[in-house]
Amino acid sequence: EDKPYVAIISKGFSHQFWQAVKLGAEKAATEFNVDMTFEGPDGEGAVDRQLDMLQAALAKHPGALGIAAIDSQATVPVLQQYKDAGIPVIAFDSGVASDIPISSASTDNLASVALAADKMAELIGGEGEVAILAHDQTSQTGIERRDGFVNQIKAKYPKITIVDIQYVAGGDHALSADATKTMLLAHPNLKGIFATNEGTAIGLAIGKRESGSKIVAIGYDSGAEQLAAIRDGTLAGSITQNPVGIGYETVKAAVMAIKGEAVPAHIDTGFYWYDKTNIDDPIIKPNLYE
Amino acid sequence: MNDVGTVVRPRSADSFRSSALFQQILASSGLIVLLVGFSLASPNFLQTANIINILQATSVNGVLAVAATLVIISGGIDLSVGTLMTFCSVAAGVFMIYLGVPVPVGIVGTLIVGLAAGSLSGTFIAKLKIPPFIATLGMMLIYKGLSLAICGAKPIYFTNAGGFNQFSAGSLVSAVIPGVPLPNSVVVLFAVAVTAAFVLGRTALGRYTFAMGSNEEALRLSGVNIDRWKIAIYGLAGAICAVAGILIASRINSAQPAIGQGYELDAIAAVVIGGTSLSGGRGTIVGTMIGALIISVVANGLRILSVPQEWQIVVTGSIIIVAVYFDILRRRGAA
Amino acid sequence: MNDVGTVVRPRSADSFRSSALFQQILASSGLIVLLVGFSLASPNFLQTANIINILQATSVNGVLAVAATLVIISGGIDLSVGTLMTFCSVAAGVFMIYLGVPVPVGIVGTLIVGLAAGSLSGTFIAKLKIPPFIATLGMMLIYKGLSLAICGAKPIYFTNAGGFNQFSAGSLVSAVIPGVPLPNSVVVLFAVAVTAAFVLGRTALGRYTFAMGSNEEALRLSGVNIDRWKIAIYGLAGAICAVAGILIASRINSAQPAIGQGYELDAIAAVVIGGTSLSGGRGTIVGTMIGALIISVVANGLRILSVPQEWQIVVTGSIIIVAVYFDILRRRGAA
Amino acid sequence: MSLLVQMHEIDKEFPGVRALKRAHFELEAGEVHALMGENGAGKSTLMKVLAGVYRRDGGLVKLDGEPVEITSPRQAQERGIAIIHQEMSLMRHLTAAQNIFIGREPKNFGGLLLDERALNAQAAAIFAAMHLSLDPRVLIDNLTIAKQQMVEIAKALSFKSRVLIMDEPTAALTEAEIHELFAIIGRLKAEGVGIVYISHKMDEIKRIADRVTVMRDGEYVGTVPAADTPIEKIISMMVGRELSQEIASAPGKNNAPVALEVRGLSRGKEIRDVSFSVRRGEILGLAGLMGAGRTEVARAIFGADPRDAGEILVDGKPVSIHSPRDAVQAGIGYLSEDRKHFGLATGLTVRNNIALASLERFSGFGGVLREDEMEKAARRFIGQLSIKTPSDLQEARLLSGGNQQKVVIAKWLLRDCPILIFDEPTRGIDVGAKAEIYKLLNALAAQGCAIIVISSELPEILRISHRIAVMCEGRLTGELPAGSSQEEIMLLATQRQSAVREAA
Ligand SMILES: Nc1ncnc2c1ncn2[C@@H]1O[C@H](COP(=O)(O)OP(=O)(O)OP(=O)(O)O)[C@@H](O)[C@H]1O
Ligand SMILES: Nc1ncnc2c1ncn2[C@@H]1O[C@H](COP(=O)(O)OP(=O)(O)OP(=O)(O)O)[C@@H](O)[C@H]1O
Ligand SMILES: [Mg+2]
Ligand SMILES: [Mg+2]
């Protein structure tokens with residue numbers, strides 16, 4: 001049977017964030033009855049591997065493409081081939097440095113972490129030392145989540161100093177826990193730590209637990225373990241984008257494009273601060289994944 | 001001739017030491033230098049809490065390194081230790097959560113899975129004569145894919161497996177000696193290392209491991225059933241990886257299908273820094289332990305000093321080279 | 001004695017073949033099986049466009065595998081090929097963008113950087129007697145860290161380096177033979193492979209590479225200056241990694257400091273699938289090329305068939321094992 | 001005659017061993033100077049010092065009366081010193097020709113490329129001069145040790161050097177080849193080349209040596225003219241005592257039950273329908289030229305190589321042997337002719353090597369080994385075979401060639417199989433130890449062991465065998481009783497004479 005075929009190529013594969021996006025994409029795929037494949041280079045940052053995937057997908061003549069470009073420029077030439085082949089391209093999670101994508105479903109990473117910075121400031125009383133546990137030093141997501149936080153603190157909270165930024169490749173849970181405990185010892189006056197993705201957030205929670213520290217811990221994304229840590233107060237709260245929503249909207253937009261319907265140029269999938277108090281709130285809940 | 005014999009016996013005795021006991025002291029000298037250096041560089045380094053962090057951070061890699069040591073001494077190599085660890089933690093999840101078996105049973109089951117998996121690699125290598133590098137490279141990917149497939153690329157949480165997370169994070173030691181919150185994972189590492197050292201040093205399996213690494217054909221022509229012992233070695237290594245899988249799963253209280261790849265390099269690095277030769281036939285567990293410690297001390301120390309990430313990587317690389325060079329110099333001195 | 005001579009001649013003759021020409025046909029049989037299989041499985045597989053995709057996807061790994069082949073035949077191993085490639089692409093960026101030198105000069109500069117870097121590893125191994133595994137593991141990390149440090153963890157874009165991206169993506173071939181848009185990167189791979197095969201087969205460097213891998217001590221006793229040649233081998237390998245760095249940089253039109261790690265495994269896998277023994281002394285470039293093709297054909301084919309990614313990993317692992325087993329069986333048959 | 005080489009008071013110490021103690025040696029142009037001594041006396045070490053392989057700790061080396069420092073093999077070559085190493089030092093994956101000219105390859109295109117054609121031509125020329133028919137393009141891997149030994153010799157000759165050191169060049173050779181080698185040595189002598197000749201074969205010394213220098217425990221004992229010094233004198237200089245009168249081999253037991261019987265053993269060209277049997281307490285000598293297929297037969301019986309056809313019976317009962325394991329279980333032990341590759345785990349200690357085939361015996365509950373018993377056993381054999389090693393914990397690779405061989409023998413003695421196959425058991429072993437081993441073989445036979453001895457040294461075969469089986473080109477060409485003559489054996493060994501070219 002020749003159902004329309006939508007190829008989704010993300011920045012990563014096995015990390016929970018991308019698995020959540022995949023979840024949403026699958027949901028939409030079944031809902032609109034299309035074939036859908038979801039892949040991404042294992043270990044973010046492998047630009048050339050992503051190009052190989054794009055070209056392989058092109059050989060399958062998809063009806064539409066959803067792409068989360070690892071490097072917004074490097075992908076342009078291949079995307080041009082899609083355009084020439086008349087295949088509509090939808091960007092998600094982060095943009096592409098060209099006008100080829102007819103639509104982009106993403107959230108404003110910078111704004112979302114600015115919110116995290118505000119919450120951090122509020123919870124530590126507007127002054128003192130804080131640190132960042134980042135999951136990636138080079139990927140756009142990683143950079144934006146770090147810089148958004150740093151800039152907001154610098155801009156609005158002169159009494160708060162960021163004393164340390166540690167990276168844990170891909171946010172490996174155990175390694176993040178080790179890094180957390182090390183930072184706590186290296187900076188005895190530390191008042192808070194912000195972790196930039198699910199893996200680092202869970203590591204942050206474990207490290208805090210294991211070292212019996214009382215600092216303010218703020219995470220990002222969700223996942224069952226992080227939700228548990230927020231419920232039991234180990235994490236003060238987290239920012240969630242709506243990865244499931246991103247995946248869903250991307251496929252939806254792709255289907256509309258295939259059908260030739262008009263597609264909104266930008267779909268903002270939004271972000272939220274959630275903590276003990278609002279974790280079960282009907283507005284928040286759909287934005288969280290287990 | 002006698003005179004030569006008598007003249008020489010004492011000397012040879014220490015030439016023997018230099019090949020085993022000595023090596024350890026030598027390797028450890030590198031470790032000591034690092035410890036002293038970091039202690040001077042930062043007051044926060046040499047605290048009980050931090051030392052315990054280092055030990056805990058060593059436990060998983062240490063256990064994997066023990067597994068790698070066995071295989072490497074036998075003249076092989078195992079690239080699958082990392083993802084096999086992951087595969088075993090997923091297996092633990094399947095047992096304890098999906099099937100809901102009690103924790104002890106689940107642990108035994110996991111060990112059996114590791115044993116079986118290792119034996120499978122061993123069979124490929126012994127029976128089908130596939131080079132260890134290839135066999136274990138293939139298995140590395142297979143375990144990785146299977147781990148993702150089995151749990152639908154989502155972690156399995158042990159929230160309902162009563163007290164499983166205590167297995168690693170809890171501290172029986174502090175119960176015995178108050179004030180020493182040494183996590184169980186460290187105790188487990190110690191137990192694994194001691195057992196492995198015993199097997200290597202005192203049992204036939206250990207002796208065959210060394211002989212195999214030294215001259216496999218000669219061993220075969222001595223009427224020894226190479227295949228059986230080789231499979232046993234890889235099987236044992238697999239079981240040890242299962243221990244690592246249990247440790248990490250219980251520490252992060254979940255089976256994370258995505259982790260594991262890359263761990264094999266740390267493990268092998270620990271082995272070689274510890275003075276075990278990749279060409280097989282020589283090596284010690286103590287050396288491996290020191291190697292593993294060197295790796296985590298460097299990681300911890302550089303973080304304590306808040307060295308920028310990229311420079312942490314550079315320094316780690318340099319230290320691996322320097323540590324081994326150190327070892328070589330001292331050994332040459334001893335010889 | 002005549003008779004023995006004659007007894008041996010035929011044997012040796014084809015045992016010679018089986019070590020070179022044969023091996024290639026054998027290894028390729030696996031490749032052919034895969035090609036046929038995928039072509040039957042999906043109409044999308046066997047299109048010019050897709051074949052060209054496969055070749056292009058092979059080019060970088062292929063070039064790295066050639067570098068790895070040289071080192072492995074000499075009895076060593078090089079884990080740093082991946083990050084050295086990255087380091088060289090960053091170097092290219094520094095030359096062409098930061099310093100704004102013209103493209104050709106920048107390329108030469110990059111090659112020199114690769115040569116120097118490789119020679120450095122070679123020096124550690126030859127002069128300081130550091131085991132290749134350790135020396136190159138350390139360098140792997142050092143290159144990685146330096147790449148990040150040099151370009152502040154941000155990619156360097158070649159947008160202002162006129163026509164640099166044509167270097168890889170463009171197609172001189174199509175200019176000559178219209179309708180065959182074979183990207184230059186593939187031509188470069190071919191050129192590198194031919195050169196390397198030539199060096200191995202026809203020059204003293206090549207001869208000593210095999211001799212070293214076969215019996216280094218014997219070569220030393222023959223009065224050959226091992227160190228100098230070893231450094232040359234690693235240096236050449238480094239220069240070849242620089243070519244890979246230029247290819248990938250020009251393909252993605254940027255120097256990405258984060259990539260590279262993990263590439264070494266693919267490269268080494270290609271070498272071993274190609275029938276080169278990790279114990280040194282034996283191996284062919286053609287075999288390596290076939291190995292590299294097998295790897296990218298599998299990757300591409302499984303994507304074309306829309307196999308779920310976790311199963312892609314499993315199948316890749318299995319195929320690596322099976323391909324090598326195939327090779328072993330056939331060679332046993334030939335012997 | 002002018003003095004080529006003078007070595008004075010040479011000292012050399014290895015960890016745990018003083019290999020050389022103020023050793024002396026001198027060599028004149030155009031002489032063949034035999035260097036004799038027990039295993040581990042320091043012969044190889046002394047020559048390695050001269051050849052720039054080892055650096056001496058003390059002493060003085062003069063070339064043409066001039067003091068020289070030879071610090072690398074390359075320098076030795078440049079000064080016209082070539083050496084044939086005792087331990088095969090060839091590159092398995094290279095061809096014979098490539099090995100011979102390694103480091104000195106003929107080049108073309110302005111020294112840019114290797115000239116393979118010239119390489120093979122020159123190698124072929126050397127082979128021809130040696131009356132050796134061998135394809136220069138054969139991979140060393142595919143050659144028997146004998147052939148490899150000839151390649152080593154060819155390599156040494158190719159240097160056209162003034163000093164040629166031969167460290168047990170004939171250890172793996174057969175009469176025909178030895179004859180050829182001596183012819184070559186004769187020619188070199190005439191050209192004024194000085195030749196150092198190390199060997200444990202006494203008869204050879206008489207045949208070619210002009211002078212004999214004897215070493216013991218790394219020390220210089222003395223130098224005597226070869227012609228008018230009785231062998232006994234030389235031997236006593238070597239061992240430092242009169243050697244006990246050799247016991248004649250015990251009479252064979254023709255009535256004892258058959259322990260091992262082989263029926264119609266065949267594989268390809270190497271083994272063609274070989275059948276024979278050995279009785280308990282009998283020593284069967286297996287004679288033949290190199291390449292006769294004796295090793296192949298032995299390996300096939302032992303299950304080390306596959307076989308196309310053939311039945312093996314132990315004590316009259318057929319046994320299925322598919323691996324060495326099966327063979328050992330069935331009570332068959334095999335001592336390989338190639339100790340380096342098939343005998344020793346060189347990285348392991350002497351003790352572990354001796355125990356290697358018998359670990360089950362020493363392992364108790366949970367496979368835990370009883371080291372004390374292993375040590376006892378090891379020490380027993382170190383004494384019995386007078387293996388020269390600082391301790392049973394010395395790594396096997398650090399032992400001298402002959403002592404390594406003894407360790408392998410000890411391994412099989414410890415395993416005490418009722419049926420033992422010894423392939424070249426005395427290769428590279430000194431007279432004293434040889435006598436020990438002969439005694440041992442007799443003792444074993446007396447205890448009722450069935451023994452097969454493969455040897456290329458006819459005197460040895462004749463001396464120890466109760467019965468002699470002769471092979472040629474994979475066939476068993478005949479059996480002879482003890483006390484037959486060398487001529488009778490050679491006749492059987494060279495049936496289809498036409499194939500063998502007599503050396504010039
Ligand atoms: N590299 C080494 N390291 C330690 N000891 C060594 C080394 N080489 C030789 N020896 C020791 O030096 C002594 C002399 O060895 P050498 O090989 O010269 O004896 P040899 O006279 O050649 O004996 P053989 O006739 O058995 O070859 C022996 O005791 C041997 O164990
Ligand atoms: N590794 C090998 N590769 C190729 N041919 C071999 C090999 N080993 C033996 N042969 C050949 O097989 C035949 C038997 O060789 P083998 O060594 O068994 O003879 P042998 O009677 O044992 O002689 P010796 O034991 O004196 O060397 C000969 O033709 C020999 O050339
Ligand atoms: Mg010797
Ligand atoms: Mg033989």
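Reminder, nothing fancy here: chain letters follow the sequence lines and each chain counts from 1.
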As an exercise: rank D:Ala345, D:Gly364, D:Ser358 by heavy-atom pairs under 4.5 Å with chain B and give me the winner. D:Ala345
Name the region of D:Arg299, side chain, backbone, both or neither, that has any atom closer than 4.5 Å to a heavy atom of chain B. side chain
Does this structure show an ion pair linking D:Glu371 with B:Arg207, if we count only N-O contacts that are shorter than 4.0 Å? yes
So which of B:Ala218, B:Gly213, B:Gly281 has the biggest tally of heavy-atom pairs under 4.5 Å with chain D? B:Ala218
Between B:Gly201, B:Ser214, B:Gly280, which has the largest tally of heavy atom pairs under 4.5 Å with chain D? B:Ser214
What's the spacing between D:Lys411 NZ and B:Leu221 CG if we round to 0.5 Å? 7.5 Å
To the nearest 0.5 Å, atom CG of B:Asn225 lies from atom OG of D:Ser323 at 7.0 Å
When rounded to the nearest 0.5 Å, the distance separating CG of B:Leu219 from CG of D:Leu344 is 12.5 Å
So what's closer than 4.5 Å to chain B heavy atoms on D:Ala304: side chain, backbone, both or neither? both
What residue in B:Met212, B:Glu216, B:Glu217 has the most heavy-atom pairs under 4.5 Å with chain D? B:Glu217
Turns out that what part of D:Phe302 lies under 4.5 Å from chain B's heavy atoms comes down to side chain
Measure the OH-CG distance between B:Tyr208 and D:Leu359 for me, rounded to the nearest 0.5 Å. 4.0 Å
